[in-house]
Amino acid sequence: MIDNEFGNDLLTLEDDEGVEHTFEVLDAIDNGENRYMALSPIFDDPQEAVEDSGELVILKVVSVDGEEFLETIEDEDEMDEIADIFMERLEEDYDVISDEE
């Protein structure tokens with residue numbers, strides 16, 4: 001798990017339209033084949049935070065020519081598997097409300 005002893009780990013990403021978005025890195029896992037990150041959006045406007053769905057953003061870390069990039073997970077089975085792992089891990093550290101309740 002990511003060490004937040006000295007504060008939150010923040011990550012700024014640029015979308016396809018060139019707009020920057022800031023995320024808090026909640027967790028990262030390595031399943032032996034790939035590395036994944038679970039992110040939560042950070043909002044400047046408190047109203048945006050209230051209106052947010054609260055869903056995690058889960059991205060895969062890919063390496064191209066020695067540089068790391070984050071990309072969406074296209075395979076639905078892979079996404080379901082990784083999302084389940086993150087939810088189990090995050091439930092241990094946070095009060096996570098499940099859709100199943």
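Every heavy atom of this structure was used, including side-chain atoms; hydrogens, water molecules and symmetry mates were not.
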Could you state the interatomic distance from CE (M79) to CG (D84), rounded to the nearest 0.5 Å?
10.5 Å
Does some side-chain heavy atom of D30 sit less than 4.5 Å from a side-chain heavy atom of V61?
no
Would I85 and N31 count as a side chain to side chain contact (heavy atoms under 4.5 Å, CB included) if you check the C-alpha gap in whole Å, the side-chain angles of each, and the deciding distance to 0.1 Å?
CA-CA 10 Å; I85 294 169; N31 70 355; 5.7 Å; no
Sort out for me which residue in L70, L11, I73 forms a side-chain contact (heavy atoms from CB on, under 4.5 Å) with L59.
L70
Do L56 and L39 make a side-chain contact, defined as non-hydrogen atoms from C-beta onward lying under 4.5 Å apart?
no
Is it the case that T72 and E74 place a side-chain donor and acceptor less than 3.5 Å from each other?
yes
Just so I know, are the side chains of L90 and L26 near enough to count as touching, which here means a heavy-atom distance under 4.5 Å?
yes
Any heavy-atom pair between the side chains of H21 and D15 that's under 4.5 Å?
yes
Does any part of the side chain of I42, heavy atoms only, come nearer than 4.5 Å to the side chain of F23, both counted from C-beta?
no
Validation row: T22, L13 side chains within 4.5 angstrom (heavy atoms)
no
Above 12 or not: heavy atoms from other molecules or residues under 6.0 Å from CD of E76?
no
Would you check, one step at a time, whether the test side chain to side chain contact (heavy atoms under 4.5 Å, CB included) holds for N34 with E78?
CA-CA 11 Å; N34 296 296; E78 178 183 14; 4.1 Å; yes
Which distance, rounded to the nearest 0.5 Å, do you find between the CD of E33 and the NZ of K60?
9.0 Å
Are V62 and I58 co-members of a hydrophobic cluster defined by side-chain heavy atoms under 4.5 Å apart?
no
Taking only Lys NZ, Arg NE, NH1 and NH2, and the carboxylate oxygens of Asp or Glu, determine whether D27 and R89 approach each other closer than 4.0 Å.
yes
Going by atom types only, do Y36 and E81 share a side-chain donor-acceptor pair under 3.5 Å?
no
Taking the side chain as every heavy atom from C-beta outward, state whether V57 and M37 have any atom pair closer than 4.5 Å.
no
